[in-house]
Trainee: 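Before anything else, here's the structure in question.
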Amino acid sequence: MKESSKIDCMSQLILAIESSCDETAAAIIEDGTKVLSNIVASQIDIHKEYGGVVPEIASRKHVELILPVIDKAIVEAGIEKEEISAVAVTKGPGLIGALMVGLSTAKAIAFGLGVPLIGVNHLEAHISAIHLENEVSFPFVGLVVSGGHTSLYLVKNYTEFEPIGKTRDDAAGEAFDKAAKVLGLPYPGGVEIDRLAKEGRREAISFPRPFMTSSTLDFSFSGVKTSMVYYLKKHPNPDDKALRDICASYQEAIVETLVDKTLIAVKQNGVNSVVIAGGVACNSRLRELSKEKFQKENISLYIPSPIYCTDNAAMIGALGSSMFQNKESSELNITPFSTSRTKYKRGDGGKVKSA
Ligand code: KG4
Ligand code: ZN
């Protein structure tokens, strides 16, 4: 260790790496919650051209960016590599090629430094992002809403996540992104729909709210998207005002479903705190409506800051730190997993979705 280091030698320093989709990210987390650096190199501008993430391009970009991003995280944190206690890395779900880049790099660094490797679940890490900024008492209900997933968990402690519900088809972010594409809006669509919806009428069009009358904690968003496609067929070429109304009504259907279903989960599980995380948790209407509804029910609501909602490595470090404290680590031969958004059923050529 260099004399110049300002880190207490008893500190636990986690190097965290994230490369599951189109963000190459690295962070240094001290003692579980202190973010010494949080570097995110986004590939959005590259994938925008194609209207969505192109897996092969994402993997190639990760290869280019991973080492500079890690170096930057170490330099910005003001630490020496030798001070790192463990390397936490996303092992899935995500794009396999993209995950391979982060995972292989993490393995090499962990092996080289002689420190533990900690494979982290990306979805659980989205929820753990909350511990970087807030103290939440357990158990609580966690909702992860991202581009690839919409999942509810009963979170029992820092490392125990019991899945209690998920989407049976499209994820909420996917529903935003696909609708935006149909409306001719740029990728990522959620951001654009959120912006346009601010000046639209939420009650202008009645889009469906699936499963709201049943007690299941599962979601379904493909019907909302199809309903919007049919609406556009009947009302083609919307002007600016009509476009804003469509965005506001469509967003409301998704957001209301997310909030109401989470409220059912809270009641079914008898908890009084909720964490909403993932990229879609940046949505301004989701933040507003959840605050309104949960406050009314006396339930504490926690949503991470936007930088910790979209993909980042600090959240991987947050969960990785808890796992490290629990003495949970991974073998160097672990492999990534995808649980990909789209699976193709052999024989009928039909698309079968899985979250
Ligand atoms: O968590 P994330 O960064 O990546 C995944 O793990 O998928 O989430 C990305 C998703 C995209 O679908 C994007 O459209 C959505 O989050 N998103 C939003 C907003 N900002 C990002 N959706 C709705 N409103 C937003 N403001
Ligand atoms: Zn994510």
Side-chain angles (χ1 to χ4, degrees), residues 44 47-48 51-53 143-152 165-214 218-264 276-293 303 306 309-310 341-342 351 353 355:
I44 283 181
H47 298 285
K48 221 174 205 160
V53 178
L143 169 70
V144 181
V145 261
S146 69
H149 299 86
T150 301
S151 302
L152 277 166
K166 62 176 182 164
T167 183
R168 293 189 187 173
D169 41 56
D170 289 353
E174 197 176 358
F176 274 118
D177 295 342
K178 285 179 174 171
K181 209 168 183 178
V182 175
L183 291 167
L185 303 172
Y187 175 84
V191 182
E192 203 57 20
I193 290 182
D194 189 0
R195 188 180 69 79
L196 292 168
K198 290 197 171 99
E199 289 161 35
R201 292 172 303 149
R202 301 196 280 265
E203 66 296 341
I205 307 149
S206 170
F207 288 117
R209 274 99 166 129
F211 291 156
M212 282 326 298
T213 48
S214 89
D218 283 352
F219 300 90
S220 167
F221 291 109
S222 67
V224 197
K225 180 198 64 199
T226 309
S227 170
M228 135 94 76
V229 171
Y230 280 117
Y231 181 86
L232 275 180
K233 274 190 184 152
K234 273 197 195 156
H235 308 87
N237 308 314
D239 62 14
D240 261 13
K241 185 173 174 301
L243 181 64
R244 285 172 160 74
D245 283 350
I246 295 172
C247 288
S249 302
Y250 186 78
Q251 174 177 274
E252 194 67 7
I254 295 175
V255 165
E256 204 174 87
T257 307
L258 290 171
V259 176
D260 289 355
K261 210 34 110 178
T262 306
L263 198 51
I264 295 173
I276 302 182
V280 180
C282 293
N283 184 271
S284 58
R285 180 62 186 152
L286 177 59
R287 286 175 171 259
E288 181 184 62
L289 189 70
S290 53
K291 195 172 161 196
E292 201 179 296
K293 291 204 175 186
I303 306 181
C309 280
T310 47
R341 279 147 67 158
T342 309
K351 264 185 186 176
K353 298 285 190 163

Trainee: If you round to the nearest 0.5 Å, how far is OG of Ser284 from CG of Leu289?
Mentor: 11.0 Å
Trainee: Give the minimum heavy-atom separation between Ala253 and Val224, together with the two atoms involved.
Mentor: CB-CG1, 4.1 Å
Trainee: Counting only heavy atoms not in Asp239, do more than 12 fall under 6.0 Å of its CG?
Mentor: yes
Trainee: Please check if the side chain of Ser249 supplies one atom and the backbone of Ile246 the other of a donor-acceptor pair under 3.5 Å.
Mentor: no
Trainee: Distance-only, no hydrogens or angles: does the Tyr250 side chain make a donor-acceptor pair with backbone N or O of Ala175 under 3.5 Å?
Mentor: yes
Trainee: Got a donor-acceptor contact below 3.5 angstrom from the Asp218 side chain to the Arg168 backbone?
Mentor: no
Trainee: What's the separation between atom CZ in Arg285 and atom CD in Gln251, rounded to the nearest 0.5 Å?
Mentor: 8.0 Å
Trainee: CD of Glu203 to CD1 of Ile205: how many Å apart, nearest 0.5 Å?
Mentor: 10.0 Å
Trainee: What verdict does the side-chain contact (heavy atoms from CB on, under 4.5 Å) test give for Thr257 and Phe221, after you've listed the backbone C-alpha separation in whole Å, the side-chain angles of each residue and the deciding distance to 0.1 Å?
Mentor: CA-CA 9 Å; Thr257 307; Phe221 291 109; 4.2 Å; yes
Trainee: For the atom pair CE (Met228) and CD1 (Ile254), what is the distance rounded to the nearest 0.5 Å?
Mentor: 8.0 Å
Trainee: Please answer whether the main-chain N or O of Ser220 pairs with a side-chain N or O of Asp169 as donor and acceptor at a distance below 3.5 Å.
Mentor: no
Trainee: Salt bridge between Glu288 and Lys291, side-chain N to carboxylate O under 4.0 Å?
Mentor: no
Trainee: Under 4.5 Å between any side-chain heavy atoms of Asp260 and Lys293, yes or no?
Mentor: yes
Trainee: Are Phe219 and Leu152 side-chain neighbours, meaning at least one heavy-atom pair lies under 4.5 Å?
Mentor: yes
Trainee: Might you point out which heavy atoms bring Cys309 and Cys282 nearest each other, and give the distance in Å?
Mentor: CB-SG, 3.8 Å
Trainee: Could you give the side-chain donor-acceptor pairs of residues 182-193 under 3.5 Å, partners two or more places apart or in another chain?
Mentor:
unit_1	atom_1	unit_2	atom_2	d
Glu192	OE2	Arg195	NE	3.4
Glu192	OE2	Arg195	NH2	2.7

Trainee: Please give me the minimum heavy-atom distance between Leu258 and Thr262, naming the atom from each residue.
Mentor: O-OG1, 2.6 Å
Trainee: Quick one: pull up CD in Glu174 and NZ in Lys225 and give me the separation to the nearest 0.5 Å.
Mentor: 7.0 Å
Trainee: For Pro238 and Ala242, work out which heavy atoms get closest and say how close.
Mentor: CB-CB, 3.7 Å
Trainee: For Ser222 and Asp170, test the side chains for any donor-to-acceptor distance below 3.5 angstrom and give the result as yes or no.
Mentor: no
Trainee: Can you tell me if Arg287 uses its side chain to pair, donor with acceptor, with the backbone of Ala281 under 3.5 Å?
Mentor: yes
Trainee: Verify side-chain contact (heavy atoms from CB on, under 4.5 Å) between Thr150 and Lys166, making sure each step is shown before the conclusion.
Mentor: CA-CA 6 Å; Thr150 301; Lys166 62 176 182 164; over 6 Å; no
Trainee: With a 4.5 Å limit on heavy-atom distance, are the side chains of Ile303 and Ser290 in contact?
Mentor: yes
Trainee: What do the steps show when you test Phe207 against Tyr231 for side-chain contact (heavy atoms from CB on, under 4.5 Å), and what is the final call?
Mentor: CA-CA 9 Å; Phe207 288 117; Tyr231 181 86; 4.2 Å; yes
Trainee: Start with the C-alpha distance between Arg201 and Glu252, add both sets of side-chain angles, then the distance that settles side-chain contact (heavy atoms from CB on, under 4.5 Å), and finish with yes or no.
Mentor: CA-CA 10 Å; Arg201 292 172 303 149; Glu252 194 67 7; over 6 Å; no
